[in-house]
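Reviewing the structure listed below.
Just so you know, ligand 1 is whichever comes first in the structure, and atom 1 is the first atom listed for that ligand. Bear in mind the structure is a predicted one, so any value in this text is a computation, not a measurement.
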Amino acid sequence: MPEKIFVTRSSMPPIEEYIEEIKTLWNTHWLTNMGVLHKDLENKLKDYLKVKEISLMVNGHMSLELVIAAMKFPRGSEVITTPFTFISTTHAIVRNGLKPVFCDIKPNDYTIDEEKIEELITEKTVAILPVHVYGNVCAVEKIQKIAEKYNLKVIYDAAHAFGVTYKGIGIGNFGNASVFSFHATKVFNSIEGGAVTFNNPELNIALYNLKNFGIRSEEVVAEVGANAKMNEFAAAMGICNLRHIDEEIRKRECIVKKYRELLHNIDGIDCLKIPPDIEWNYSYFPIQIDELRFGKTRDEVHILLKQNGIFSRKYFYPLTSDHACFRNKYMNISIENARCIAKRILVLPLYADLSLDNVSKIISIILKK
Ligand SMILES: *Cc1c(COP(=O)(O)O)cnc(C)c1O
């Protein structure tokens with residue numbers, strides 16, 4: 001059996017580096033509750049992401065849930081969002097007692113189609129929740145204009161977009177807030193972890209309350225809160241991985257270049273296009289397979305790779321709106337592009353240490369007659 005290749009492989013620092021970072025914990029015995037490493041990582045991430053404010057969380061999903069909760073929308077309000085995302089995005093809306101209204105995506109970059117947002121706005125709409133899917137950037141300027149016109153909040157799911165900049169601006173600066181995931185499978189990881197970035201400092205207090213039981217001091221609980229604090233071991237992993245992030249992204253870039261070279265001019269396979277004003281993070285390598293032109297379906301390619309020990313992923317199929325828990329429950333009148341792309345999309349393995357030989361092997365299997 002040949003070596004198995006998964007869609008991703010978690011980045012880890014040299015073990016000595018991690019041990020060095022966690023040594024202080026054996027002196028202090030301060031393992032969580034916003035300790036020194038939590039604060040250190042917060043400051044380092046503020047710099048790296050070029051954002052004003054950040055709140056670290058236990059994971060990306062709770063970051064989403066809590067930032068939505070912090071906005072205190074009336075129950076039953078509508079949030080315009082994309083079905084072409086990880087299920088977490090939709091769960092976070094519904095678990096806040098809100099109603100997702102699914103908007104179509106654009107066929108060129110798979111982000112929410114800003115031209116189709118306005119027609120979905122009703123008197124119940126309170127927010128737009130787009131996703132910078134695969135690290136591609138949503139139409140942030142146009143979305144901002146719509147939000148201002150209708151007095152809506154904008155929360156970006158930036159789980160895929162760690163380190164991405166748009167026109168030189170850190171991606172976490174757009175909208176009212178952005179949410180990052182530092183899950184083990186993401187470009188940057190703290191084992192599990194996440195963060196909310198934002199400009200309004202008042203949101204900091206609201207998020208602090210929500211992630212720490214609403215506790216303000218020894219005898220004061222000011223708000224109803226959850227527990228979503230990042231612990232010190234996770235923060236230590238984040239600090240170590242952040243030291244290597246630029247190198248990791250550069251290695252990913254080489255792999256993506258190789259993929260693109262090998263897939264150049266292959267009829268029926270389209271690679272993700274990144275516009276020139278985006279500095280991308282090389283987070284995922286999705287291809288779109290047009291069965292009629294390519295001669296194999298996406299599912300056939302997926303199976304063929306699996307038979308050869310290569311585990312690509314159908315991100316994002318099914319659409320979140322089509323999963324059993326949401327199906328037929330919410331409005332999704334016109335999501336044709338999303339439906340079509342979900343049937344054709346396949347994410348190929350991509351991680352810093354994937355060898356170029358393996359990239360060639362993956363592509364030769366896909367192209368085999
Ligand atoms: C990973 C991911 C999340 C959830 O993040 P976790 O850290 O795994 O909780 C949310 N949205 C998208 C688009 C993601 O890819």
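- Between E21 and R243, at least one side-chain nitrogen of the basic residue sits less than 4.0 Å from a carboxylate oxygen of the acidic one, meeting the salt-bridge criterion.
- For atom 10 (C) of ligand 1, the closest heavy atom belonging to the protein is S88 OG, 3.3 Å.
- Remark: ligand 1 atoms within the under-4.0 Å shell around heavy atoms of N59 are 7 (O), 9 (O).
- For ligand 1, the polar-atom distance check finds an N/O of G60 within less than 3.5 Å of one of the ligand's N/O atoms.
- At least one heavy atom of G193 sits closer than 4.0 Å to an atom of ligand 1.
- Regarding atom 3 (C) of ligand 1, its nearest protein heavy-atom neighbour is F86 CD2, 3.6 Å.
- Taking a cut-off of under 4.0 Å to the non-hydrogen atoms of T85, the atoms of ligand 1 that pass are 13 (C).
- Criterion: ILVMFWY side-chain heavy atoms under 4.5 Å apart, direct or through other members. Under it, F311 and L346 are not part of a common hydrophobic cluster.
- A side chain to side chain contact (heavy atoms under 4.5 Å, CB included) with K116 is found for exactly one of I335, I80, N337, namely N337.
- Between Y48 and F188, the ring center distance fails the sub-6.0 Å criterion.
- For ligand 1, the atoms sitting less than 4.0 Å from at least one non-hydrogen atom of H61 are 4 (C), 5 (O), 6 (P), 9 (O), numbered in the order shown with element in parentheses.
- Distances between N or O atoms of H160 and those of ligand 1 include at least one value under 3.5 Å.
- On a distance-only criterion, D157 and ligand 1 share at least one N/O pair closer than 3.5 Å.
- Considering both main-chain and side-chain atoms, K186 comes within under 3.5 Å of ligand 1 through a nitrogen or oxygen pair.
- Here the two rings, on Y156 and F174, have centers that are 6.0 Å apart or farther.
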### Message
Working note: S77 + K124, criterion side chain to side chain contact (heavy atoms under 4.5 Å, CB included); need CA distance, chi angles, decisive distance, verdict.
### Response
CA-CA 5 Å; S77 300; K124 283 192 168 172; 5.6 Å; no

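- Residues F326 and H91 bring their aromatic ring centres within 6.0 Å.
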